[in-house]
Participant: 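Below is the structure I would like to discuss, written out as structure tokens.
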Amino acid sequence: MKTIDSLGDLRGKRVLVRSDFNVPLDGTTITDDGRIRAALPTLKRLTDAGARVVVMAHLGRPKGTPDPQYSLAPVAARLGELLEQDVTLAEDLVGPSAKVTVDALADGQVALLENVRFDPRETSKVDAERAELAGELAQLADAFVSDGFGVVHRKQASVYDVAQVLPAAAGGLVRSEVESLSKATGDPERPYAVVLGGSKVSDKLGVIANLLTKADRLLIGGGMVFTFLAAKGQSVGNSLLEEDQIEAVKGYLDSAEKNGVEIVLPVDVVAADSFAADAPHQVVAADSIPDGTMGLDIGPESGKLFAEKLADAKTIAWNGPMGVFEFEAFAAGTKAVAQGIVDATADGAFSIVGGGDSAAAVRALGFDEAGFSHISTGGGASLELLEGKELPGLTVLAD
Ligand SMILES: Nc1ncnc2c1ncn2[C@@H]1O[C@H](COP(=O)(O)OP(=O)(O)O)[C@@H](O)[C@H]1O
Ligand SMILES: O=C(OP(=O)(O)O)[C@H](O)COP(=O)(O)O
């Protein structure tokens, strides 16, 4: 991949940086700033070199139109604190406010553009629409640095298309993530266990087909579980369910059996009356989720089972919390899996935790980050790299 050095002397140059600042928020309060901290080395390197740094990022999944609940204002404030300089937030992405903000930058200063996903062209499937936005972004800068590892699996204007119209390079975070993850991509030491959970179910079910040819064991928790339970004919109440994926999941279960890959599903579930921190809840067998309740965590027996299935693993990849860990009542499953991974790592396993929320969960639940071999800022991105896919945001940066 092209390096920042390849961009030459950056003093006085406008450098557009794509970062992943998709941080968890409670209202306008950032509950975990790990992704912002991870972006700092590259941003500091650019400001030290005298560049005028224009950062772009997304927050959440707004519908292609400005939506104050997804404003990057809290991120601009936190970034300013961490960089120890004021970071101006432009009110738009490529409009008049962005132009004025970029023109006002002095050498070594940083500005942030408003959420790239407020513009529908960012995530458009139509190449020409994304290219048009990339062209407008390119007018704001002299060079592009891709450093949002968490989005390099997205073929989006600010990740992929803009790299084709400006001199482009990979930032330090993207480079170090790819290097760390490469230890598990080639010939991982076995047994190789992959733990999947979280709420981006349809996105992440997609990686399973390829993982079935690579991993020895697949442990399924989080919102992902219920499509598996439904595929086995069990009722899942009001739990998160991707009905249109049930047939695909039946196929995964079949091919796992044929390939000798063990799929480990929870044996019990914490079923709650509603999605709330104080919702009444009970532990039930995974095949007996009562109608009207929703599974918000794997149960205690499942936590033990998952830890046992991790104990002898030599390579472990984990993406997606096992439950709604943000609510204390539903955090135990995620804790049990994290502890299982820490123990296996102490016994010599190479472990990767990926994803904004998974990494946040590790920190929120009080684990020492040093207990894991690598904590990746990207969940979907690290999984797609591990499944052997070419990621558009990386191929576009090839030398
Ligand atoms: N059973 C469940 N039902 C609903 N949401 C869940 C469930 N289990 C986990 N989650 C939610 O999944 C979210 C994280 O999912 P995801 O974005 O896929 O992970 P990551 O950011 O680590 O890639 C968390 O906010 C968590 O509350
Ligand atoms: O949070 C992210 O991914 P992750 O949840 O897989 O870690 C990235 O910011 C990508 O966001 P997206 O999945 O809405 O494209």
Side-chain angles (χ1 to χ4, degrees), residues 18-26 31-32 34-36 38-39 57-63 70 75 115-117 122-123 148-156 158-159 177 195-207 220-229 236-242 266 269-272 274-277 279 281 286 289 293-299 302 317-334 337-338 352-364 375-385 391-393:
R18 177 56 155 107
S19 296
D20 182 0
F21 289 153
N22 193 21
V23 290
L25 286 175
D26 184 0
T31 55
D32 183 89
R35 278 181 163 159
I36 306 177
H58 74 283
L59 183 66
R61 292 176 170 177
K63 308 250 172 291
Y70 295 111
V75 171
N115 195 333
V116 287
R117 291 187 182 171
E122 165 68 1
T123 53
F149 176 73
V151 281
V152 290
H153 59 318
R154 303 291 185 213
K155 195 173 183 181
Q156 296 177 348
S158 68
V159 179
E177 288 268 20
V195 191
L196 287 181
S199 58
K200 292 181 180 172
V201 182
S202 51
D203 273 22
K204 287 169 189 175
L205 280 172
V207 307
I220 310 282
M224 190 76 85
V225 155
F226 305 100
T227 309
F228 278 78
L229 296 179
V236 298
N238 295 337
S239 307
L240 215 57
L241 176 65
E242 297 282 333
V269 164
V270 184
S274 63
F275 190 93
H281 56 276
I289 300 174
T293 70
M294 57 179 78
L296 293 187
D297 196 10
I298 60 170
S302 309
W318 171 31
N319 170 249
M322 295 294 98
V324 183
F325 74 93
E326 296 92 338
F327 301 153
E328 211 187 325
F330 310 108
T334 303
V337 161
I352 296 162
V353 182
D357 290 301
S358 306
V362 160
R363 292 185 278 265
I375 299 192
S376 172
T377 53
S382 60
L383 280 178
E384 290 196 20
L385 206 63
L391 308 192

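The figures that follow rest on heavy atoms only: side chains count, while hydrogens, waters and symmetry mates do not. For ligands, and for the atoms within them, numbers begin at 1 and follow the listed sequence.
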Participant: Are F226 and ligand 1 in contact, using a heavy-atom cut-off of under 4.0 Å?
Facilitator: yes

Participant: Judging by distance only, is a nitrogen or oxygen of G295 under 3.5 angstrom from one on ligand 1?
Facilitator: yes

Participant: D20 to ligand 2: N or O pair under 3.5 Å?
Facilitator: yes

Participant: Taking only heavy atoms of G355 into account, list the atoms of ligand 2 that are under 4.0 Å away from them.
Facilitator: 7 (O)

Participant: Which atom names give the shortest non-hydrogen contact between V75 and V23, and what distance separates them?
Facilitator: CG2-CG2, 4.0 Å

Participant: Among protein heavy atoms, which lies nearest atom 22 (O) of ligand 1, and at what distance?
Facilitator: S358 OG, 2.6 Å

Participant: List the closest protein heavy-atom neighbour of atom 15 (O) of ligand 1: residue, atom name, distance to the nearest 0.1 Å.
Facilitator: S199 N, 2.9 Å

Participant: Considering all heavy atoms of both residues, which atom of L296 and which atom of A272 are nearest to each other, and what is their separation?
Facilitator: CD1-CB, 3.8 Å

Participant: For a quick test of reading the model, state the closest non-hydrogen atom pair linking R18 to A57 and the distance between them.
Facilitator: NH1-CA, 3.4 Å

Participant: Among S376, G323, S239, G222, which one puts a heavy atom closest to atom 10 (N) of ligand 1?
Facilitator: G323

Participant: Please find the pair of heavy atoms, one from R35 and one from G378, that lie closest to each other, and give the distance.
Facilitator: NH2-CA, 4.2 Å

Participant: Should P392 and V159 count as side-chain neighbours, where that means a heavy-atom distance under 4.5 Å?
Facilitator: no

Participant: Considering only the protein, which heavy-atom contact is closest to atom 24 (C) of ligand 1, and what is its distance?
Facilitator: E326 OE2, 3.3 Å

Participant: Do E122 and S158 come close enough that some side-chain heavy atom pair is under 4.5 Å?
Facilitator: yes

Participant: Pull out every atom of ligand 2 sitting under 4.0 Å from any heavy atom of G150, numbered as shown with elements.
Facilitator: 8 (C), 10 (C)

Participant: Examine D297 against ligand 1 and note whether any of their N/O atoms are separated by less than 3.5 Å.
Facilitator: no

Participant: Starting from atom 7 (C) of ligand 1, find the nearest protein heavy-atom neighbour and note its residue, name and distance.
Facilitator: G223 N, 3.5 Å

Participant: Quick one: does G380 get an N or O within less than 3.5 Å of an N or O on ligand 2?
Facilitator: yes

Participant: Report yes if the side chains of R154 and L391 come closer than 4.5 Å at any heavy-atom pair, otherwise no.
Facilitator: no

Participant: Give me the residue, atom name and distance of the protein heavy atom closest to atom 11 (O) of ligand 2.
Facilitator: H58 NE2, 3.3 Å

Participant: Step by step, would you call V362 with I375 a side chain to side chain contact (heavy atoms under 4.5 Å, CB included)?
Facilitator: CA-CA 9 Å; V362 160; I375 299 192; 4.1 Å; yes

Participant: Is it the side chain, the backbone, both or neither of K204 that has a heavy atom closer than 4.0 Å to ligand 1?
Facilitator: side chain

Participant: What are the atoms of ligand 2, with element, lying closer than 4.0 Å to any heavy atom of G379?
Facilitator: 4 (P), 6 (O), 7 (O)

Participant: For atom 7 (O) of ligand 2, which candidate among R154, R35, K200 holds the nearest heavy atom?
Facilitator: R35

Participant: Just distances here: any N/O of R61 and N/O of ligand 2 closer than 3.5 Å?
Facilitator: yes

Participant: Please state whether R117 comes within less than 4.0 angstrom of ligand 2, counting heavy atoms only.
Facilitator: yes

Participant: Nearest to atom 21 (O) of ligand 1, what protein heavy atom do you find, and at what distance?
Facilitator: D357 N, 2.9 Å

Participant: Do any nitrogen or oxygen atoms of G60 come within less than 3.5 Å of a nitrogen or oxygen of ligand 2?
Facilitator: no

Participant: Hey, does the side chain of D297 reach the backbone of G333 with a donor-acceptor pair shorter than 3.5 angstrom?
Facilitator: yes

Participant: So which heavy atom on P266 is nearest to which on I220, and how close?
Facilitator: CD-O, 3.2 Å

Participant: Below 4.0 angstrom from a heavy atom of N319, which ligand 1 atoms are there? Numbered from 1 as shown, please.
Facilitator: 20 (P), 22 (O), 23 (O)

Participant: Are I289 and L229 side-chain neighbours, meaning at least one heavy-atom pair lies under 4.5 Å?
Facilitator: yes

Participant: Ignoring hydrogens and angles, tell me if any N or O in the side chain of S358 forms a donor-acceptor pair with the backbone of G355 under 3.5 Å.
Facilitator: no

Participant: Check each atom of ligand 2 against the heavy atoms of K204 and keep those under 4.0 Å away; list them by number with element.
Facilitator: 5 (O), 6 (O)

Participant: Side-chain polar contacts of residues 319-328 - donor-acceptor pairs under 3.5 angstrom, sequence neighbours left out - could you list them?
Facilitator:
unit_1 : atom_1 : unit_2 : atom_2 : d
N319   : OD1    : K204   : NZ     : 3.0
N319   : ND2    : G354   : O      : 2.8

Participant: Any side-chain heavy atom of F228 sitting closer than 4.5 Å to one from L205?
Facilitator: yes

Participant: Using a 4.0 Å cutoff against the non-hydrogen atoms of K200, which atoms of ligand 1 qualify?
Facilitator: 17 (O), 18 (O)

Participant: Can you list the atoms of ligand 2 that are under 4.0 Å from a heavy atom of G356?
Facilitator: 7 (O)

Participant: Any heavy atom of M224 sitting closer than 4.0 Å to ligand 1?
Facilitator: no

Participant: Test your reading of the structure: does H153 have an N or O sitting under 3.5 Å from an N or O of ligand 2?
Facilitator: no

Participant: Say whether Q156 and ligand 2 are in contact under the criterion: heavy-atom distance to a ligand atom below 4.0 Å.
Facilitator: no

Participant: In terms of side-chain heavy atoms, does E177 have a donor or acceptor partner in S382 at a distance below 3.5 Å?
Facilitator: no

Participant: Would you mind checking which non-hydrogen protein atom is closest to atom 6 (C) of ligand 1, with the distance to 0.1 Å?
Facilitator: V324 CG2, 3.6 Å

Participant: What is the minimum heavy-atom distance between D357 and P24, and which atoms define it?
Facilitator: OD1-CB, 4.2 Å

